[in-house]
Amino acid sequence: MSRTGTGGTDRLVRGIGRVITVYERLSRLDRGRPPVTPVDRDLRLVVTAVREEADGVRGLTLSAPDGRVLPRWRPGAHLDLVLPSGRVRQYSLCGDRNRAREYRIAVRRIDRGGASGEIHQSLRAGDPLVVRGPRNAFPFVAAQRYLFVAGGIGITPILPMVRAAAAAGADWRLVYCGRSRSSLPFLGELAGSDTGRVWVRTDDDYGIPASGAELLEHAPDGATVYCCGPIPMITGLRLDLPASRARSLHFERFSAPPISGGRTFEVELARTGRVLTVPADRSALDVVRTAKPDVAYSCRQGFCGTCRTRVLDGEPDHRDHTLTQEQRADGMLLCVSRADGGRLVLDL
Ligand code: FES
């Protein structure tokens, strides 16, 4: 899954952490647990359970081999999974934060999805797995009212937010969209929620949502909206937010953000001399992958740093918010950064 930042400003943001902190205080299990920090070291875990959560969606529970308490996390956090093939992919934590000795993620199988196919085909209970994190690029801010909007597997970061909102006594609603009920993971867990707060909106029953307004209709007055879903869903919410009762939108995408204002440029792979043309509407990463399928990447949104590549010549148009000036001096993130015409020579 890929992700991006937030829109809008919530004046209650000044209370960031207040509700979360209260929630944490309520959780006696948090005592003595390691703090929430960016964790880039490898955690060597074991797959302790594999469950079919919906059509094409597999849930994995991960624990330490010795059963020790794992670093804690907050709603919106994700893990980097380092798969046996060496692929690194990110998956939102979707379990119960109070279960201190385990993490849970869920993976939808994507057609020709290398990492998701590997997880569905190869991973079994008992297999070792290296993860990094938890890290959080989709932070959950304190508010009194929320609208959560999830599209299919987008429920994964949303589920812990719903739990936190409910635990904090906030007024919340969830609109959960997907093709059909059988495609939606964790419906059983939501069945225990106050049913008046959850609307399961399937294309089977209602057709594809016509607009963001249709989803925003369910927002309590002044709600903070959290959405994880496909780009059209997020775009609809962004367009219709100003005319709605909601006040701010935080979202996370499944896929790379659209490219705006791109120009065609070339990349030269220095070790072979091969020159590739990057069209205005494609990323350098996409194009480089056609020639070099094993090039490392993960988030495809410019925040994980996995696709950082040395630039031997040329002037990149840096479009990330991740690299330091020092790192930009000789490198770029292939997934989002480009060139304003001309050619970049890459150490590939
Ligand atoms: S793949 Fe994550 S920064 Fe490029």
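Both ligands and their constituent atoms are indexed starting at 1 by order of listing. Side-chain atoms are counted along with the backbone in the values below, which use heavy atoms only and exclude waters and symmetry mates.
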Trainee: What does the list of residues with a heavy atom under 4.0 Å from ligand 1 look like, ordered by chain and number?
Mentor: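 Contacts of ligand 1 under 4.0 Å: Tyr297, Ser298, Cys299, Arg300, Gly302, Phe303, Cys304, Gly305, Cys307, Leu333, Cys335.
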
Trainee: Of the options Leu129, Ile119, Asp127, which is the one that meets Pro84 in a side-chain contact (heavy atoms from CB on, under 4.5 Å)?
Mentor: Leu129

Trainee: Specify whether Phe140 and Tyr226 have parallel, tilted or perpendicular ring planes, treating 30° as the upper limit for parallel and 60° as the lower limit for perpendicular.
Mentor: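 Answer is tilted, since the angle falls between 30° and 60°.
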
Trainee: Is a donor on one side and an acceptor on the other found under 3.5 Å between the side chain of Gln327 and the backbone of Thr324?
Mentor: yes

Trainee: If you measure from SG on Cys177 to CG on Leu215, what distance do you get to the nearest 0.5 Å?
Mentor: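 Separation between the atoms: 5.0 Å.
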
Trainee: In terms of side-chain heavy atoms, does Ser85 have a donor or acceptor partner in Glu118 at a distance below 3.5 Å?
Mentor: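 Distance-only check passes for Ser85 and Glu118.
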
Trainee: May I ask you to decide if His120's main-chain N or O and Arg58's side chain share a donor-acceptor pair within less than 3.5 Å?
Mentor: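 A pair under 3.5 Å: yes.
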
